[in-house]
Amino acid sequence: MRTTVLAAALLALSACAPPAPQTAAPTCAAPLKPALQVDLYFGLATKDREIGDVEWVAFLNEEVTPRFPDGLSVLDVAGQYRIPTGRITRERSKLLVVVVLDAPAHLPKVQAIVDAYKKQFNQLSVLRVERSICAAF
């Protein structure tokens, strides 16, 4: 009896759980193909100063473009986040968008970009978002 009640309770709780994230590639209508969109958010404020346009372009040319020479987009965005002390801070940011067809091969390239940015500009983090999409080039 106790096992039946426990099993029923677990079944009821599992019905309340959010659906598992989709990991399968989407079904795409031709000429679209399954792809992955990678969004990286780079804050432009450091502890002591703001990263300027010349520094950003140099970083883009030296670290990003060699890893994704087929194309990318950069947008100016306004960022907001909570710093470790709990205070909300706002800063100018850059959103880098890359669409890749070779999903597994992008992982070390993206991580190298994130690591380089954090090291070069003494940043705590770079927000990274990835999602499955359909794309045509």
Side-chain angles (χ1 to χ4, degrees):
M1 174 80 172
R2 180 181 243 175
T3 305
T4 305
V5 171
L6 181 60
L10 288 174
L11 183 61
L13 284 175
S14 69
C16 298
Q22 267 192 344
T23 55
T27 302
C28 302
L32 300 173
K33 295 180 181 178
L36 187 71
Q37 179 177 327
V38 179
D39 298 340
L40 297 175
Y41 293 81
F42 299 91
L44 297 178
T46 70
K47 187 174 168 184
D48 304 321
R49 62 185 182 81
E50 187 165 302
I51 298 164
D53 292 338
V54 172
E55 290 175 292
W56 169 256
V57 170
F59 178 81
L60 194 64
N61 291 340
E62 295 165 13
E63 299 291 343
V64 181
T65 301
R67 290 181 172 92
F68 295 102
D70 292 337
L72 53 93
S73 296
V74 176
L75 297 96
D76 291 318
V77 296
Q80 173 179 307
Y81 65 100
R82 183 181 311 272
I83 61 175
T85 63
R87 184 174 56 89
I88 299 291
T89 188
R90 294 171 181 87
E91 65 181 314
R92 283 186 337 110
S93 302
K94 297 286 186 180
L95 168 56
L96 172 69
V97 180
V98 180
V99 176
V100 295
L101 296 175
D102 59 343
H106 83 285
L107 291 170
K109 296 176 190 177
V110 170
Q111 192 60 53
I113 291 167
V114 168
D115 292 344
Y117 193 80
K118 288 168 52 178
K119 181 178 179 182
Q120 184 173 338
F121 297 112
N122 195 26
Q123 296 289 301
L124 294 175
S125 64
V126 172
L127 176 62
R128 176 177 174 172
V129 178
E130 297 188 4
R131 67 180 134 270
S132 296
I133 62 168
C134 295
F137 298 97

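Note that the coordinates shown come from a computational prediction; the quantities given were computed from them, not determined experimentally. By convention here, the first residue in the shown sequence is residue 1.
Rounded to the nearest 0.5 angstrom, Asp76 CG and Trp56 CH2 are separated by 9.5 Å. We find the CD-CD distance between Gln120 and Glu63 to be 6.5 Å, quoted to the nearest 0.5 Å. Taken from CG in Leu44 to CD in Gln123, the straight-line distance is 8.0 Å, to the nearest 0.5 Å. Of the inter-residue distances, the one linking Arg131 atom CZ with Ile133 atom CD1 reads 8.0 Å to the nearest 0.5 angstrom.
Two different hydrophobic clusters hold Val64 and Leu95 under the rule that ILVMFWY side chains link at heavy-atom gaps under 4.5 Å.
Taking the side chain as every heavy atom from C-beta outward, Phe42 and Ile113 approach each other to under 4.5 Å. The closest side-chain heavy-atom distance from Leu127 to Tyr81 is not below 4.5 Å. For the pair Val110 and Val100, the minimum side-chain heavy-atom distance is 4.5 Å or more. Between Leu32 and Pro26, every side-chain heavy-atom pair lies at or beyond the 4.5 Å cut-off. Residues Phe137 and Lys33 are not in side-chain contact: their nearest non-hydrogen atoms beyond the backbone lie 4.5 Å or more apart. Annotation: side chain of Asn122 is not in contact with side chain of Thr46 (no heavy-atom distance under 4.5 Å). Contact check for Val38 versus Lys109: no side-chain heavy atoms found under the 4.5 Å cut-off.
Pairing each heavy atom of Ile51 with each of Gly43, the nearest pair is CD1-O, 3.9 Å. Residue Asp39 comes nearest to Tyr41 through the heavy atom pair CB-CE1, 4.1 Å, listed as atom of the first residue, atom of the second, then distance. Taking every heavy atom of both residues into account, Val99 and Ala35 meet most closely at CG1-CB, 3.9 Å. Taking every heavy atom of both residues into account, Leu101 and Pro34 meet most closely at CD2-O, 3.5 Å. Contact between Arg92 and Asp53 at its shortest, heavy atoms only, is NH2-OD1, 4.1 Å. When all heavy atoms are compared, the tightest approach of Pro66 to Asn61 is CD-O, 3.2 Å.
Residues Arg49 and Glu55 are paired through a salt bridge, judged by an N-O separation under 4.0 Å between the basic side chain and the carboxylate.
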Can Leu60 and Leu72 be said to form a side chain to side chain contact (heavy atoms under 4.5 Å, CB included), step by step? CA-CA 10 Å; Leu60 194 64; Leu72 53 93; 4.2 Å; yes
Derivation and outcome, side chain to side chain contact (heavy atoms under 4.5 Å, CB included), residues Val98 and His106: CA-CA 10 Å; Val98 180; His106 83 285; over 6 Å; no
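Counting non-hydrogen atoms of neighbouring residues, nucleotides and ligands closer than 6.0 angstrom, the CZ atom of Arg82 reaches no more than 12 such neighbours.
Checked against side chain to side chain donor-acceptor pair (under 3.5 Å), Gln111 has the following partners two or more places apart in sequence or in another chain: Asp115, Arg128.
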